[in-house]
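What follows is a short report on a single structure.
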Number of protein chains: 2
Amino acid sequence: MATLKEVADSAGVPMLTAFRALNQHDTVDEVTRRCVQEAADKLNYTLKITQIDIADLAGVAKGTVSYALNNSELIKPATRQKVLEAAQMLGYHLNISARNLRMNRTGVVGYSWHVADDPSRMNNLLDRFIYRVTMAAEERHFHLLTFVQPQKNADRVYESLISTSRVDGFIISDVTYNDPRIARLTAMRAPFAAFGGMYLENADFAYVDVDGKKGIRLVMDHLFEQGHERIGLLGWPSGWPFGDAREVSYREAMRDAGIRIENGWIAHTHNILDSAAMAAQKIMNSKFPPTALVCANDLMAFGAKSYLDSVNLRIPDDVALTGYDDDPTAQFLGITSVHQPIDELAEALFEILLGDINQEPLPNRQIIFNPELVIRRSTQ
Amino acid sequence: MATLKEVADSAGVPMLTAFRALNQHDTVDEVTRRCVQEAADKLNYTLKITQIDIADLAGVAKGTVSYALNNSELIKPATRQKVLEAAQMLGYHLNISARNLRMNRTGVVGYSWHVADDPSRMNNLLDRFIYRVTMAAEERHFHLLTFVQPQKNADRVYESLISTSRVDGFIISDVTYNDPRIARLTAMRAPFAAFGGMYLENADFAYVDVDGKKGIRLVMDHLFEQGHERIGLLGWPSGWPFGDAREVSYREAMRDAGIRIENGWIAHTHNILDSAAMAAQKIMNSKFPPTALVCANDLMAFGAKSYLDSVNLRIPDDVALTGYDDDPTAQFLGITSVHQPIDELAEALFEILLGDINQEPLPNRQIIFNPELVIRRSTQ
DNA sequence: TGATCTTTTTGAGACGTCTCAAAAATAGTG
DNA sequence: CACTATTTTTGAGACGTCTCAAAAAGATCA
């Protein structure tokens with residue numbers, strides 16, 4: 001296709017006039033507009049400002065424009081200024097696709113927010129996480145592509161996204177043992193960074209994590225201090241590192257305190273309010289009902305609280321209750337919880353990923369953060 | 001850079017051998033591998049399979065490969081087969097950036113999921129919405145780019161994304177009166193489709209919506225049937241079409257039923273649990289306390305319920321309670337709510353957007369869905 | 001002034017794809 | 001078989017950017 005300058009020359013007007021004419025700008029009279037339009041039509045030109053147009057207007061070479069726009073040190077300030085002004089005048093916008101092709105990168109990072117057929121995450125923590133990751137990415141001129149991963153063969157979706165150059169790398173959460181996504185991405189040498197991984201064996205990939213065992217230990221110590229000994233655990237089905245670590249920590253704390261875990265004190269359910277409420281009921285109806293209930297997260301605690309309320313068990317007088325994640329629900333319901341420094345974590349995670357993408361890996365690619373206990377009226 | 005064929009020729013081996021050698025494949029012996037590697041180094045070649053390589057292997061022209069891979073009718077089945085096999089053998093993956101540049105489209109749609117500094121949406125409805133939109137997009141080989149919009153000048157972010165060819169169009173939610181994003185995108189002729197818009201005046205853009213007035217009317221009629229007359233409303237601050245429509249509908253229903261709305265029956269708060277609980281308290285402490293409380297959504301209803309529980313007002317015996325959106329919390333708490341057909345809506349929305357992107361606008365670019373009342377124990 | 005060194009600009013070429021007009025192959029017809 | 005009509009393949013070129021090696025301009029010094 002022709003350039004703007006060619007159209008302008010053909011119409012016998014200055015470039016800027018041609019530009020304004022094609023933009024239907026008021027400053028150009030009707031006759032000129034039509035004339036320019038005809039020239040454009042003849043050359044089969046549609047207005048689309050590129051670096052070449054800027055070069056023509058500023059009277060420099062296209063290479064110079066590229067350097068100037070990218071703030072290269074090579075370019076003389078005066079020239080840069082000239083170029084920037086021309087760009088401004090023509091309302092230039094970089095074409096990302098062209099840059100991507102040339103540089104073989106995309107400035108996009110993938111994150112699978114939803115899992116197909118199981119979209120109701122109800123996970124305020126991850127919501128906050130993804131918000132901060134997006135912020136971190138955008139500050140570095142990256143963008144986030146969110147996609148749905150299937151329950152089976154999720155790794156293929158990751159493979160497809162990376163090998164078609166749709167994304168430069170991935171953020172991964174909900175890491176499982178022997179996670180096929182991680183295996184696949186590692187094999188492909190595709191950049192990725194995970195939220196979670198410290199309690200996986202041989203995790204030699206980039207991750208950030210919050211020490212879940214430490215978090216539960218904070219909860220347990222707090223409950224012990226309050227005089228509790230009969231403490232129940234409302235956890236998730238095993239097989240997920242996050243949940244398993246929390247349960248391990250609970251057991252360790254009980255053992256260290258010399259307290260026997262009675263039958264029925266531990267229940268496992270999926271991360272659903274109803275199930276949590278029912279599980280709480282089961283625990284409270286066990287032979288030696290606990291005086292405190294530790295929940296795997298705030299949603300489970302909410303479910304448990306609903307059950308306790310419904311049978312008029314007072315919190316914390318009859319039963320103390322704790323959650324995990326410090327989400328808005330727990331704040332509202334006054335449930336003692338564990339705060340995770342999601343903001344810093346997300347930032348760090350993206351930094352690590354960016355290092356890998358740029359082939360300049362950070363020295364420390366595995367960072368562990370500390371959780372914080374947030375005491376509320378559900379335990380005191 | 002050189003092509004795989006050139007490397008193979010230079011090393012004096014068949015293309016496939018060269019390919020496998022560069023992949024460190026076991027089937028190629030050490031000597032050949034090194035030989036090929038040297039040839040590649042000499043030509044400054046790094047393995048990256050393109051359509052040209054497929055063409056070389058299949059013995060056809062590169063144009064043929066493109067046609068074949070895109071299932072063009074032009075290509076003879078036998079040829080297509082040959083090409084596909086070659087592609088398979090070389091593990092070919094399309095380079096999206098190149099296609100995007102050539103076709104001047106991206107296959108990406110933008111959606112601003114979070115608003116800067118106000119990330120805690122706690123909006124299960126929109127979460128489901130975005131899940132279904134993503135699914136709809138991916139079924140059509142599109143992807144979703146989620147970004148954070150600033151509180152001020154959000155339209156600039158939209159402009160930047162579209163004018164740099166980062167996205168082909170937008171999904172928009174939380175539409176306001178005189179929404180600057182819509183003004184901007186309309187002025188730029190950028191494709192977009194909104195969730196919400198039926199109660200905006202002169203909304204001549206593409207949207208889908210669920211009739212919010214109708215939804216509240218369903219709630220009100222249900223409450224009237226249950227014998228309620230003193231009905232309060234827990235709504236949002238005015239200025240948002242969604243909320244305003246609900247309040248208007250409440251007022252119309254009361255007027256049609258010939259019931260005077262007493263002082264203190266209507267409260268407005270932000271979409272926060274705490275605020276909702278406090279507002280509920282205010283309403284219930286008004287001079288003529290209502291016997292039923294209609295909430296703008298389920299989160300507000302949850303907040304209200306917490307207050308009612310805390311003062312031992314029984315639901316529904318002392319006060320009936322309704323929400324809106326039919327989210328998991330309402331399901332769990334047994335709160336009567338209004339279901340919106342989010343799944344169909346998201347699908348329809350994306351179809352409309354896709355039509356606009358492809359410059360083949362659907363005939364019906366504004367679709368209104370009907371809400372459904374879900375009666376639970378909070379009202380009977 | 002001319003020679004040398006440094007800074008700045010230039011212009012070509014490549015990234016991988018799609019698509020057009022033109023060429024080649026094939027089928028159909030008398 | 002020759003000719004036309006149709007189907008299929010070809011190969012060049014364009015999309016807009018970045019970057020390299022080379023050229024030009026400017027600075028420094030004898």
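Convention: sequence-line order gives letters A, B, ...; per-chain numbering from 1. Not measured: the values here are computed from a predicted model.
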Compute whether any side-chain donor of one residue and acceptor of the other, for [X] and [Y], lie under 3.5 angstrom apart.
X	Y	result
A:Thr106	A:Asn100	no
A:Asn70	A:Arg99	yes
A:Tyr111	A:Ser173	yes
B:Gln51	B:Tyr92	yes

Could you check B:Gly63 against A:Gly63 and say which one's nearest nucleotide on DNA chain D is further toward the 5' end?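 It is B:Gly63, whose closest nucleotide lies nearer the 5' terminus.
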[X] has an atom [atom1]; how far is it from atom [atom2] of [N], in whole Å?
X	N	atom1	atom2	value
A:Arg166	C:dG16	CZ	P	17 Å
A:Leu74	D:dA23	CG	P	18 Å
B:Ile75	D:dG11	CD1	P	13 Å
B:Asn44	C:dG13	CG	C1'	14 Å
A:Ile52	D:dC15	CD1	P	8 Å
A:Asn70	D:dT19	CG	P	7 Å
B:Gln51	D:dT10	CD	C1'	14 Å
A:Gln81	C:dT9	CD	P	13 Å

Please, which pairs that meet salt bridge (charged side-chain N to carboxylate O under 4.0 Å, His left out) have at least one residue in residues 61-86 of chain A, sequence neighbours excluded?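 Pairs touching residues 61-86 of chain A that pass the test: none.
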Among D:dG16, D:dT10, C:dC18, the one nearest B:Val60 by side-chain distance: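 Shortest atom-to-atom distance from the side chain points to D:dT10.
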Given B:Phe205, B:Tyr158, B:Trp113, the one that forms ring pair (Phe, Tyr, Trp, His ring centres under 6.0 Å) with B:Phe170: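 The single option meeting the ring pair (Phe, Tyr, Trp, His ring centres under 6.0 Å) with B:Phe170 is B:Tyr158.
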Using a heavy-atom distance cut-off of less than 4.0 Å, which residues of residues 85-108 of chain B contact DNA chain D?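 DNA chain D contact set from residues 85-108 of chain B: B:Leu101, B:Arg102.
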Extract from the structure each pairing of a protein N or O with an N or O of nucleotides 23-26 of chain C at less than 3.5 Å, listing the distance.
none

For B:Asn44 and B:Asp41, indicate whether the former's side chain and the latter's backbone hold a donor-acceptor pair under 3.5 Å.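 A pair under 3.5 Å: no.
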Can [X] and [Y] be counted as an ion pair, charged N to O under 4.0 angstrom?
X	Y	answer
A:Arg365	A:Asp356	yes
A:Lys5	A:Asp56	no
B:Arg34	B:Glu30	yes

Less than 4.0 angstrom between a side-chain N/O of B:Thr50 and OP1 or OP2 of C:dG16, yes or no?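 Indeed not, no polar side-chain atom of B:Thr50 lies that close.
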Is the distance from OP1 or OP2 of D:dT17 to the nearest side-chain N or O of A:Ser66 less than 4.0 Å?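 Checking D:dT17 against A:Ser66, no side-chain N or O comes under 4.0 Å of OP1 or OP2.
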Closest-nucleotide mapping onto DNA chain C: is A:Ala61 or B:Thr64 further toward the 5' terminus? I mean the 5' end.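 Taking each residue's closest nucleotide, the earlier one in sequence belongs to A:Ala61.
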State whether the distance check finds a donor on one side and an acceptor on the other, under 3.5 Å, for side chain A:Lys62 versus base C:dT10.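 Between C:dT10 and A:Lys62, which were checked side chain against base, a qualifying N/O pair under 3.5 Å is absent.
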Kindly say whether, by distance alone, the side chain of B:Tyr45 makes a donor-acceptor pair under 3.5 Å with the base of C:dC15?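 Not at all, since no donor on one side and acceptor on the other fall under 3.5 Å apart.
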